[in-house]
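Below, chain A is the first sequence line, B the second, and so on; all start at residue 1.
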Amino acid sequence: MRWSKAFIPTLREAPADAEAISHRLLVRGGFVRQLAAGSYTMLPLGQRVRLKVSEIIRQEMNAIGGQEMMLPTLHPAEIWRKSDRYELMGDNLFKLHDRKGADLVLGMTEEEIFAILATELFSYRDLPQIWYQMHTKFRDEPRPKSGLLRVREFTMKDSYTLDIDAPGLDSGFDKHHLAYKRIFERMGLDAVDVTASSGAMGGTESVEFMVRSNAGEDWIATCSNCDYRANVEKATTALPEIDDGEPEELERFSTPGLRTIRALAEAHSDIASPEKQIKTLVFVLEDEPVLVLLRGDHDLQEQKLLDAAGVGDGRPGRPEEIRELLGADPGSLGAVGVEGVKVIVDHSLKDRSNMTTGANQDDWHYKGVSVERDISIDMWADLRAVRDGEPCVNCGEPIELWKGIEVGHIFKLGTSYSEAFGAFVQDEAGDNHPIIMGSYGIGVERGVAAVVEANHDESGIVWPVSVAPYEVVITVLRADDEATMSAAMDLYSDLEAGGLEVLIDDRVERPGVKFADSELIGIPYRVTVGPRGVSDGVFEVTVRRGLGKTEVPAGEVSALLIEKIESARSHI
RNA sequence: CGGGCUGUAGCGCAGCUUGGUUAGCGCGCGACGUUUGGGACGUCGAGGUCGUCGGUUCGAAUCCGACCAGCCCGACCA
């Protein structure tokens, strides 16, 4: 491709509202343009990268036996009501009406439609199946942000495994796990697989693939020593045991004006240090108020609460709700003697005694609380948010918390969708079983952005060869000089004949502009062809990663680059 | 949805407090000339419903109101 004919609108300055590095570089490099919040055009360079990422995904999905399809994105709302996700997905689901007034939705993932297709499977002999598509998904994000990282319209590769039994599901899941590792590795991403919450997708088990980045929105806990790693929505740590001494009598005591853990701890340091207190939170889980109990010095991890309670939606109770429920204001709450309200308690309170907690009367607390003796507990659960540096549950070494971008997520779904849509198959004995599904997603454009987050320097993007929009750029320093241009075109022909993807910068521009642009758009290899080099018979080859330069005899350049790029391709 | 901020040329910004006639600057863009191994220089030029609607006023980019859009921080996801 001749740069002079290409649409590569590079910008010297990034738009003021672009913050994430990938956002700034993709806009400046002329890869994408924003149309509206969370809605992006892929310009020619961006589209080339996107297609390369898609192709890597496609190859790896096909390699595990995936069959590609394409499903509609416009769905009758009925289908989503049938799976109960019409309500569950809430405002994230784009909802619209057709001219007849019928309710429609734009798909945000497609478990429902694949389950409907699966009703055409009748026998265990038809299983397993791996089905996938790469298609546009719509999510009415409350807050699109960070360029391509969080948008309202994007391409997702979504695949689904269909099996007769749990071992089959495990096998399909494991295949995807490995395929995903290969996909991200080929894209040049160091993606860490972590155990995660399944959230609104439902199901039993899920693994996320996280790329370390400050632009990420998830916190991941990894052990500094062993291979323990988990999303903070799932992560646990080992806590030292606390010796509470002999259990004493439950006793109310006056605590005028003390409304916070800290204030109580300071006023009664002998009995109420934070780890000796019970923190009582009121949460409303799908309209049902519950009490959530944690150690005073611990914080709630909300997703853990939702998962433990098996609900999709929850919020902190409002002050008036809390007063009505318990008769006191936040700061004086407790679960001692509370009946008729579900009480969910964090594991860290197990076997604890001589604790302090609110008495459900303003300005009064209890001391001498033995958790199991004095509180009517409905459920024990892991509810607390882990903190950086706490001991790993496996080996005791400190864990590290870091931010990551979720580039892929795989779920063991189970049978809820097949049951909802009647996808049953018969086993050998002739008995009917709901098909067991797994669901597996990769956000294509987010993957592109993640590659940039992980591969850039001060000058711009540093694409891995596998996803680079072009593999080589020929920078012609004097495109208006006939001899120089002619030598450059000869090289261009040789490289193209060698099967490389080449961009030739034939613009009549100053050298500095061309160097800067080629670095900004991140082409892995650059050959500089100028009058000096042409007369000396030597071209300069620059490797984008590190910007190391070598002088290469003109006649050897094409062979050298073909060898380097073919080798890079075969390594992935 | 709660909190904060911003809308003036393709990009980055000034002008608004204290209303006044042709709305400015840098980059970018077009023409010509000189230049050409790291974002050149000169001359000339094109490009703006000042987010939208309404109000106040003799007069609004500027004051007031509503709305819209975008960004950032929090609760959600590939």
Measure all distances between protein nitrogen or oxygen atoms and nitrogen or oxygen atoms of nucleotides 9-11 of chain B, and list the pairs falling under 3.5 Å.
from, atom 1, to, atom 2, distance (Å)
B:rC11, O2', A:E13, O, 3.1

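- Regarding contacts with the backbone of B:rG70, every side-chain N or O of A:K145 stays at 4.0 angstrom or more from both OP1 and OP2.
- Side-chain atoms of A:E519 come within donor-acceptor range of the base of B:rG38, with a qualifying N/O pair under 3.5 Å.
- Under the 3.5 Å distance criterion, with hydrogens and angles disregarded, a donor-acceptor pair is assigned to the side chains of A:R526 and A:S518.
- For A:Y132, the ring pair (Phe, Tyr, Trp, His ring centres under 6.0 Å) test picks out no residue, with sequence neighbours left out.
- A distance below 6.0 Å separates the ring centres of A:F209 and A:H177.
- Here the nucleotide nearest the side chain of A:E406, chosen from B:rC76, B:rU35, B:rA78, is B:rA78.
- Picking from B:rG37, B:rA78, B:rC71 the nucleotide with the shortest atom distance to the side chain of A:A37 gives B:rC71.
- If you check distances only, the side chain of A:E509 never reaches the base of B:rG39 with a donor-acceptor pair under 3.5 Å.
- Atoms CZ (A:R143) and C1' (B:rA75) sit 10 Å apart, rounded to a whole Å.
- Residue pairs meeting the ring-ring contact (aromatic ring centres under 6.0 Å, His included) criterion with at least one partner in residues 40-67 of chain A, sequence neighbours excluded, are A:H23-A:Y40.
- Counting any heavy atom pair closer than 4.0 Å across all strands shown, A:A18 reaches no nucleic acid atom.
- Of all nucleotides listed (B:rA78, B:rG37, B:rC71), B:rG37 comes nearest to the side chain of A:L477.
- Among the atoms of the strands shown, base atoms are found under 4.0 Å from some heavy atom of A:D480.
- Taking the charged nitrogens against the carboxylate oxygens, A:R152 and A:D140 do have a contact shorter than 4.0 Å, which makes a salt bridge.
- The phosphate of B:rC77 (OP1 or OP2) has no side-chain N or O of A:R139 nearer than 4.0 angstrom.
- Under the side-chain hydrogen bond (donor to acceptor under 3.5 Å, both in side chains) criterion, A:H456 pairs with no residue, sequence neighbours left out.
- Taking the six-membered ring where the residue is Trp, the centroids of A:W3 and A:Y470 are separated by 6.0 Å or more.
- Here A:S22 pairs with A:E453 under the side-chain hydrogen bond (donor to acceptor under 3.5 Å, both in side chains) rule; sequence neighbours left out.
- Of the residues in residues 447-456 of chain A, none lies under 4.0 Å from RNA chain B by heavy-atom distance.
- You'll find that the side chain of A:R150 is closest to B:rC76, out of B:rC76, B:rC29, B:rG74.
- Side chains of A:S159 and A:K157: a donor on one and an acceptor on the other come within 3.5 Å.
- Across the protein-nucleic acid pair, A:L149 atom CG and B:rC71 atom P stand 13 Å apart, rounded to whole Å.
- The side chain of A:R478 approaches B:rU36 more closely than any other nucleotide in the set B:rU36, B:rG38, B:rA78.
- Among residues two or more places apart in sequence or in another chain, the side-chain hydrogen bond (donor to acceptor under 3.5 Å, both in side chains) test is passed with A:D382 by A:K304.
- In terms of the side-chain hydrogen bond (donor to acceptor under 3.5 Å, both in side chains) criterion, residue partners of A:R544 (sequence neighbours excluded) are, by chain and number, A:D457.
- Contacts between residues 39-50 of chain A and RNA chain B, defined by a heavy-atom separation below 4.0 Å, involve no residue at all.
- Using a 4.0 Å cut-off, no side-chain N or O of A:Q303 falls inside it from OP1 or OP2 of B:rA75.
- Contacts of A:D218 with the nucleic acid, taken as non-hydrogen atoms under 4.0 Å apart, include base atoms.
- Of the residues listed (A:V53, A:L51, A:L148), the one engaging A:V444 in a side chain to side chain contact (heavy atoms under 4.5 Å, CB included) is A:V53, and it is the only one.
- Set against B:rC1, B:rA78, B:rC71, the side chain of A:P142 has B:rC1 as its closest nucleotide.
- As a whole-Å value, the separation of A:K234 NZ from B:rC77 P is 13 Å.
- Of the residues A:I220, A:T222, A:V386, the one that meets the side chain to side chain contact (heavy atoms under 4.5 Å, CB included) test with A:L401 is A:V386.
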Detail all sub-3.5 Å separations between protein N/O atoms and N/O atoms belonging to nucleotides 4-8 of chain B.
none

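- Looking at heavy-atom distances under 4.0 Å, A:V407 makes contact with sugar-phosphate atoms alone, never a base.
- Scanning for ring pair (Phe, Tyr, Trp, His ring centres under 6.0 Å) contacts around A:F114 gives A:Y160, with sequence neighbours left out.
- Look at A:F515 and the base of B:rG39; the rings do not stack under the cut-offs of 5.5 Å between centres and 30° between planes.
- For the 3.5 Å distance criterion, the side chains of A:T155 and A:H135 fail to qualify, holding no donor opposite an acceptor.
- If you check every strand for non-hydrogen atoms under 4.0 Å, A:D517 touches a base.
- Residue-to-nucleotide contacts include a donor-acceptor pair under 3.5 Å from the side chain of A:R526 to the base of B:rG38.
- Applying the salt bridge (charged side-chain N to carboxylate O under 4.0 Å, His left out) criterion to A:D494, with sequence neighbours excluded, gives no partner residue.
- In this entry the distance linking CD of A:E302 with P of B:rA75 reads 8 Å, nearest Å.
- Of the candidates B:rA75, B:rC77, B:rC71, B:rC77 carries the atom nearest the A:E217 side chain, counting heavy atoms from C-beta on.
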